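First up is the structure itself, then whatever we jot down about it.
Note that the coordinates shown come from a computational prediction; the quantities given were computed from them, not determined experimentally. Convention: sequence-line order gives letters A, B, ...; per-chain numbering from 1.
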Amino acid sequence: MILSKRRMIVVSCALVVAAGSAGSGLYLNNASAISDIAHSVSAAQASQTSTVQDVVAEALYQQYAMGTPSALQRARPPHTYVVARQPALPAKSSKAATEQPDQAEVAEQSRLGETALKTVFAHASPALTGRVRLALTNTLAANSDPNGRFLGAGVSDLSFQDVTISADTAIVHATASAWSSIQQIGPDGSWMSATPTGTHLVTGTVRKSSDGQWAIYDLVSTHAAGSRP
Amino acid sequence: MLKRTCAAAVAGLVALGIMAPTADAYDKYRAGNYADSWAGSRNGAYPNFGGYPYWASDCTNFVSQAMHDGGFSMVGGGSETSDWEWWIRPNNWGTYDFSHSWSVAADLRQFLIYDYPGGYSQGTAPGSSTNYWTPDAVTTGDLLFYDWGRGEGISHVGMQVGYGTDPDGGWGGNFTDQHNTDRYHAFWSLRPHNDDWPTTTIYFMHIAANNY
């Protein structure tokens with residue numbers, strides 16, 4: 001009796017979840033149907049989780065790479081840059097190899113950044129939009145800094161800890177390694193290279209927008225212990 | 001506003017001969033020397049927040065020690081949370097009691113703004129800065145507060161201690177000492193060390209010389 005009660009509870013739960021998920025009522029005839037429902041619910045959840053993770057990954061990448069040569073490189077075919085790869089640094093004094101980007105390149109980087117703001121961050125909180133806007137402004141300005149050069153930036157080693165989906169909101173915890181590749185001209189005229197890298201503990205909030213699509217709402221991160229600038 | 005009013009009132013009393021000008025007491029070079037001495041290690045006379053899991057952040061404790069060694073006297077001692085106070089002391093349990101302003105960067109900045117003479121904000125700079133120099137008003141013994149721009153607000157502080165070459169990468173200009181990731185003579189904007197430089201904002205704070 002206890003077992004059958006448990007089974008009834010499981011079936012009820014599956015029905016509630018399935019009905020909520022599919023948006024319609026279902027009739028159960030046998031154990032196979034229960035199994036099918038469980039599988040479809042599980043598949044739907046996995047699909048949502050995957051979608052939510054993709055949203056966070058794209059927002060993270062854009063946050064770090066927008067306005068940089070890496071974003072420009074990614075936008076050009078073939079689209080192989082799901083996660084940007086860190087370029088090899090040029091030799092310390094090879095100025096000719098990495099001159100400042102020309103106006104057309106900066107304009108294209110700006111256009112790509114503005115497009116990302118209107119798409120990837122279209123439903124973001126004002127706070128996140130403000131931070132992304134600040135990053136884009138400073139990154140584009142760095143392109144014309146006579147004392148420095150900006151070679152690229154991105155996110156690597158993205159690892160998801162957990163995804164909690166509740167109705168129209170998902171909370172995502174992840175760790176990510178962010179990097180950028182820069183140079184400063186020294187007093188002697190030679191270029192000094194640096195590749196700051198940090199591991200971040202990321203909390204992403206993803207919400208379903210009015211059109212039913214998952215979209216990034218907020219991204220907050222702190223440096224992992226031992227990884228601070 | 002209150003701070004400006006106090007400053008104007010004191011200046012008026014000094015001008016009228018009612019109050020003698022105080023001798024400079026905050027020795028910025030002494031503070032800078034302390035920071036240089038302990039940039040890469042920990043002074044056993046103070047707690048170490050660098051490895052303890054809860055705090056895991058020694059930056060503010062470090063610059064507070066340097067300020068105090070430079071002659072900035074502790075203020076208050078009754079409230080741990082009030083940013084009008086700045087203090088640390090051993091307690092009966094073999095550890096330390098301390099104010100948030102002693103140990104948390106945003107609280108220390110608030111304390112310096114509230115306190116008189118305290119400190120004076122000297123504007124901001126983006127983390128993308130490659131200029132060799134900080135603003136003229138910011139000198140050895142002054143503080144640079146950092147907001148990485150990832151949603152947590154001001155969370156780091158270092159002390160300017162001079163100028164020269166960052167030993168880690170060779171970038172030249174004014175440099176700072178700091179704890180957390182312990183750095184000796186780090187380029188002031190931390191750009192060569194900071195992957196968050198596009199969103200970072202640096203807040204300059206000049207500590208008045210007539211603190212005592």
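The candidate from B:Gly172, B:Gly173, B:Pro192 with the greatest count of non-hydrogen atom pairs under 4.5 Å with chain A is B:Pro192. Most heavy-atom pairs under 4.5 Å with chain A, from the set B:Thr199, B:Thr165, B:Thr200: that is B:Thr199.
A pairwise comparison of heavy atoms in B:Asp195 and A:Thr197 identifies OD1-C, 3.8 Å as the closest pair. A pairwise comparison of heavy atoms in A:Asn138 and B:Pro198 identifies ND2-O, 2.8 Å as the closest pair. A pairwise comparison of heavy atoms in A:Leu134 and B:Thr201 identifies CD2-OG1, 4.3 Å as the closest pair. When all heavy atoms of B:Trp171 and A:Ile182 are compared, the closest pair comes out as CH2-CD1, 3.8 Å.
Put simply, OG on B:Ser128 and CG on A:Leu140 are 11.0 Å apart, with the number rounded to the nearest 0.5 Å. B:Tyr132 contributes atom OH, which lies 6.5 Å from atom CD1 of A:Ile185 (distance to the nearest 0.5 angstrom). Rounding to the nearest 0.5 Å gives a distance of 6.5 Å between CZ of B:Arg150 and NE2 of A:His200.
Using a 3.5 Å distance cut-off with no hydrogens or angles, the side chains of A:Tyr64 and B:Asp196 do pair a donor with an acceptor. Counting only N and O atoms by type, the side chains of A:Asp145 and B:Thr130 include a donor and acceptor under 3.5 Å apart.
Around CG of B:Asp136, the count of heavy atoms belonging to other residues, nucleotides or ligands within 6.0 Å does not exceed 12.
Although no hydrogens or angles enter the test, the distance criterion places no donor-acceptor pair under 3.5 Å between the side chain of A:Gln184 and the main chain of B:Arg191. At distances below 3.5 Å, at least one donor-acceptor pair connects side-chain atoms of B:Thr181 with backbone N or O atoms of A:Arg228.
Applying the salt bridge (Lys or Arg N to Asp or Glu O under 4.0 Å) rule to pairs touching residues 174-187 of chain B yields B:Arg42-B:Asp182, B:Asp168-B:Arg183, sequence neighbours excluded.
Contacts between A:Ala178 and chain B at a heavy-atom distance below 4.5 Å involve backbone atoms as well as side-chain atoms. Contact annotation for B:Phe187: only side-chain heavy atoms (C-beta onward) come within less than 4.5 Å of a heavy atom of chain A. If you measure heavy-atom distances from B:Trp148 to chain A, the contacts under 4.5 Å come from the side chain alone.
Applying a 4.5 Å heavy-atom cutoff, the residues of residues 212-224 of chain A that approach chain B are A:Leu219, A:Val220, A:Ser221, A:Thr222, A:His223.
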